There are 4 protein chains.
Amino acid sequence: LVEYCHEEEETMTATIEAKRDQACLIVHGPDKPGIVAAVSGLIARNGGNIIALDQYSDNHEGGDFFQRVVFHRQDLSAAMPELEADLETTLRSHGLQWRLTDRSVRKRMAILASKSDHCLLDLLWRHRRDELPVSIPMVISNHTDTADDVRSFGVPFFHVPSSGEDKSDAEYRIVELLRGNVDFVVLARYMQILSDGFLEAIGVPVINIHHSFLPAFVGAAPYRKAKERGVKLIGATSHYVTEELDEGPIIEQDVTRVDHTMTAAALQARGAYVEREVLSRAVQWHAEDRVVRHGPHTIVFQ
Amino acid sequence: LVEYCHEEEETMTATIEAKRDQACLIVHGPDKPGIVAAVSGLIARNGGNIIALDQYSDNHEGGDFFQRVVFHRQDLSAAMPELEADLETTLRSHGLQWRLTDRSVRKRMAILASKSDHCLLDLLWRHRRDELPVSIPMVISNHTDTADDVRSFGVPFFHVPSSGEDKSDAEYRIVELLRGNVDFVVLARYMQILSDGFLEAIGVPVINIHHSFLPAFVGAAPYRKAKERGVKLIGATSHYVTEELDEGPIIEQDVTRVDHTMTAAALQARGAYVEREVLSRAVQWHAEDRVVRHGPHTIVFQ
Amino acid sequence: LVEYCHEEEETMTATIEAKRDQACLIVHGPDKPGIVAAVSGLIARNGGNIIALDQYSDNHEGGDFFQRVVFHRQDLSAAMPELEADLETTLRSHGLQWRLTDRSVRKRMAILASKSDHCLLDLLWRHRRDELPVSIPMVISNHTDTADDVRSFGVPFFHVPSSGEDKSDAEYRIVELLRGNVDFVVLARYMQILSDGFLEAIGVPVINIHHSFLPAFVGAAPYRKAKERGVKLIGATSHYVTEELDEGPIIEQDVTRVDHTMTAAALQARGAYVEREVLSRAVQWHAEDRVVRHGPHTIVFQ
Amino acid sequence: LVEYCHEEEETMTATIEAKRDQACLIVHGPDKPGIVAAVSGLIARNGGNIIALDQYSDNHEGGDFFQRVVFHRQDLSAAMPELEADLETTLRSHGLQWRLTDRSVRKRMAILASKSDHCLLDLLWRHRRDELPVSIPMVISNHTDTADDVRSFGVPFFHVPSSGEDKSDAEYRIVELLRGNVDFVVLARYMQILSDGFLEAIGVPVINIHHSFLPAFVGAAPYRKAKERGVKLIGATSHYVTEELDEGPIIEQDVTRVDHTMTAAALQARGAYVEREVLSRAVQWHAEDRVVRHGPHTIVFQ
């Protein structure tokens with residue numbers, strides 16, 4: 001046996017440690033001349049060095065302006081208050097919204113799941129590989145099937161059954177677990193519809209994976225509907241949850257090829273691999289502050 | 001200057017000449033044991049040698065059976081009547097439908113178009129490159145924009161305007177041109193809805209290209225709807241036309257990635273390249289007898 | 001909370017139980033007229049009903065013939081000896097090779113791995129979901145990193161270190177573990193080169209995953225080479241292992257898009273998701289007897 | 001007949017007219033803090049409004065910096081000298097290279113072709129649709145096959161045969177035609193190798209399409225080699241031409257799926273559709289100043 005290569009010893013440079021002293025700034029609001037200069041001037045005078053900058057304006061005459069800037073600043077955490085004060089003064093007066101995050105701080109992500117494990121396991125596993133800049137304080141499920149798997153990743157698992165008539169108790173319990181403890185929530189094939197009040201009660205973004213290329217096959221049983229319609233591609237869609245079912249802003253979509261020989265169950269099995277990819281990508285982009293919501297749409301800076 | 005390679009001298013082996021003495025047989029009907037043996041036995045006793053065989057059964061207990069066989073038979077055209085008689089005797093008694101075609105005979109394909117040229121030109125180019133086993137006796141359009149292009153390919157162009165109040169005259173004129181002269185019709189971004197009676201009047205299959213991944217964005221202006229919904233993929237769907245608008249059996253679909261920076265017009269421009277690929281593939285498969293309609297679905301043997 | 005749908009209760013119909021009394025027959029050899037009729041006649045007279053049939057001939061005048069037939073036969077296991085005898089008599093005389101398998105019998109698959117877990121875990125997950133018709137009697141690794149993961153799936157893990165000067169001891173130990181116990185071996189990012197004698201000693205097919213779209217970037221460190229060359233796509237290739245490194249018959253390949261911003265480590269991380277998909281598909285096709293080796297090529301019946 | 005929709009009347013907003021008073025600025029050189037602020041400040045003080053900005057740094061500590069800015073400036077053409085002077089003063093002193101273009105001025109693109117028409121026609125046709133911000137002063141070919149097609153697009157066609165022993169005459173003739181008349185050259189399946197002196201003599205970028213996913217199958221006859229190796233994907237690569245054959249910086253690549261049934265000729269026919277897409281995209285990006293060469297690589301801002 002001769003050693004093939006040492007590639008496996010390579011380390012990912014994109015780890016959270018490598019992001020020490022890096023900040024991500026999102027700016028959006030009404031477009032007008034000079035915003036980029038104002039923002040980059042502000043960063044420069046605060047000792048920052050721009051690493052990456054993406055800018056988008058949906059109409060440079062009276063449209064909306066969006067910008068994502070990643071910059072390096074020695075001793076960032078100490079400088080945050082000063083930076084924030086300068087941003088408030090400089091940008092708020094122009095009617096611009098802004099959001100500044102320290103890239104070495106992990107976002108706290110809760111996962112809600114049911115029985116299916118493919119999306120859940122993919123997130124837990126990418127987290128363990130340190131590919132997602134998040135911590136996972138908890139997984140909540142209305143079933144116990146995945147409890148052992150979740151705990152084997154060192155992640156707390158809470159079982160909140162939802163079998164009874166009145167499901168408001170279950171939802172209340174979930175809100176209690178989440179509130180104040182998480183920065184965003186991922187529905188990893190969570191097969192329960194959340195009430196209108198849930199989103200408001202938890203007050204953080206919720207990301208869902210829908211098992212079709214929306215807006216095709218809205219609602220339940222999309223693989224069965226796909227089989228009935230005889231489509232040649234099936235897909236998955238990750239989106240922010242809003243009060244309108246399956247209507248939230250789309251973050252990411254993808255498809256895979258299928259054919260006439262496949263049953264609805266085979267479509268479902270094939271589709272699972274698209275679902276996990278699409279959800280994991282959407283979660284990563286959200287966690288890296290690459291996604292800006294804009295009404296029914298998203299701006300995704302890649 | 002040194003010659004790079006002689007590859008351009010390579011000839012396609014899939015031309016119509018290479019298909020001399022090749023037949024394509026499609027068999028479908030209720031599944032039961034022994035059909036494959038009966039069909040292959042029939043081909044053998046008639047002097048045929050099987051080149052390619054695909055078989056599909058949607059349920060081997062009481063389901064439907066589909067088979068496509070390509071075989072070589074010396075002096076095929078002389079043997080056709082005998083083959084047909086044997087097929088009738090052997091298969092009809094088992095309740096099976098069959099269709100036998102001589103692969104060296106081109107199908108006659110008419111194209112209906114409007115102003116857009118991308119799907120139309122792609123079909124004309126592929127035909128000129130001898131990649132489609134068809135002849136093109138005519139292109140009919142409700143506009144004259146593409147007349148010069150079409151005629152430069154040596155293909156007759158007929159202008160049938162549809163601007164007036166009563167459009168039944170236009171449709172009547174089209175039926176007159178088509179009837180008896182074509183084996184199938186392609187709507188290459190033909191922007192008129194055909195009446196219920198049209199399909200019956202011409203009596204041959206009609207293939208359409210819809211500029212979305214159906215069933216998303218049924219009806220008009222799918223690119224505008226795609227922009228409004230904020231999808232991350234746009235697509236195109238080629239299907240057989242039925243009396244229900246955009247509901248016919250799907251032959252082929254594909255998608256391409258888009259992002260938030262693209263206007264509806266940019267989606268339309270990008271989508272055109274998917275449309276022409278999807279329609280050309282669907283036409284090729286239909287022309288090569290690879291597609292079997294089965295209720296609202298298609299079986300596509302590749 | 002309202003229940004979203006019951007789809008998760010759907011069961012895959014493609015499980016091993018559903019394949020009871022199903023056989024898969026592979027036939028290959030010199031093409032001549034009448035083989036399909038002979039094979040389908042043989043199946044019919046032995047009480048079989050053909051479920052799926054694929055046939056391919058690389059040249060119908062003096063070329064090679066390949067066929068895969070799946071058929072149902074009541075009480076298959078009892079009928080196997082008779083079927084085999086008939087196949088031997090009928091086909092061997094025509095110079096044809098054949099292979100008959102009972103589809104309700106799982107193939108025994110061993111996995112060799114190193115430190116990387118992505119391909120290994122994907123196979124273990126798919127096996128647990130009952131998507132692969134295999135049993136996994138053992139995982140062998142030259143590192144212990146994945147031992148806990150592997151055993152949590154109920155699969156035996158053997159550590160065979162390969163750190164010393166003379167690696168023939170390690171290889172000898174692996175052969176001892178495998179011989180007689182497995183039907184095929186998967187190298188799931190196993191980072192050691194096997195000696196020429198290894199393949200012969202174990203006597204079963206070995207499937208590898210190479211982390212590039214072969215023949216680009218043969219050998220070690222393909223992601224580093226990809227970064228150096230500045231490619232816009234990276235890929236992965238699954239192939240049968242032969243004595244020539246990275247030259248074995250290709251079973252499956254796929255690619256993913258990358259860009260100039262990605263480091264070699266980022267390519268490696270992105271590529272891992274292509275590797276696991278490509279290897280899992282290749283393993284599934286091999287396990288389902290869909291792959292026929294033909295010199296340096298494969299015929300893949302899908 | 002009922003009118004389906006008016007979508008075809010939609011106009012592309014990305015036409016050259018819409019780019020009046022828009023400039024594109026490319027900046028690159030050694031990275032240091034404050035470049036983005038300096039550039040955006042410069043644009044602001046010269047009355048420009050930034051529409052789109054992309055920035056990339058390959059290492060923010062001692063790496064190289066690349067930026068593409070599109071901005072609007074009333075009466076741009078009058079303001080160009082002043083802008084250029086300011087850029088020279090502000091940027092050159094920092095050791096930065098820059099390139100400023102007026103987006104309403106078309107780049108002059110010559111096409112060199114041989115017998116194959118697919119890449120050539122796709123470029124001519126996209127140009128006619130006004131999707132490429134170029135003018136096409138000439139097509140030069142060593143064959144006459146495409147002369148009528150080219151001229152039907154209103155583009156001059158020059159035949160420069162290269163059949164003789166000494167090909168330096170032909171090359172000399174081509175240089176004479178091109179020099180001073182074009183801003184870049186596209187080799188649209190031009191099957192001759194250019195001499196080392198050619199690039200220097202014409203002094204503008206040359207873009208080639210290679211009919212494989214480089215670095216696989218370098219050199220001639222890649223489809224034949226692909227068939228021999230038994231790959232499951234074939235592809236195409238567009239790159240800048242350098243003195244090393246097939247080694248220039250890659251602009252774009254793509255692939256398509258193939259299978260064992262396809263002959264080398266069928267691969268070639270299928271591959272042609274990938275080639276035209278890849279080349280057309282690369283040409284569009286080059287013409288829109290989205291591509292920056294950086295040693296053996298390209299930065300592509302999308």
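None of the values given here were measured: they were computed from a predicted structure. Order of the sequence lines fixes the chain letters, A, B, ..., with proteins taken first and strands second; residue numbering starts at 1 for each chain. As a basis for the values below, the full set of heavy atoms in this structure was taken, side chains included, without hydrogen atoms, waters or symmetry mates.
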Does D/Arg281 have any side chain to side chain donor-acceptor pair (under 3.5 Å) partners at least two apart in sequence or in another chain, and if so, which?
D/Glu252, D/Asp254

B/Asp122 versus chain D, the contacting section by heavy-atom distance below 4.5 Å
side chain

Assess whether a salt bridge exists between B/Arg276 and D/Glu277, defined as any Lys/Arg side-chain N lying under 4.0 Å from an Asp/Glu carboxylate O.
yes

Just wondering, more than 12 heavy atoms not from B/Arg257 lying within 6.0 Å of its CZ?
yes

Whatever's closer than 4.5 Å to a heavy atom in chain B on D/Arg128 counts as side chain

Heavy-atom proximity to chain D below 4.5 Å, by part of B/Asp149:
side chain

Does the side chain of B/Asp117 pick up a donor-acceptor pair with the side chain of D/Trp125 at under 3.5 Å?
yes

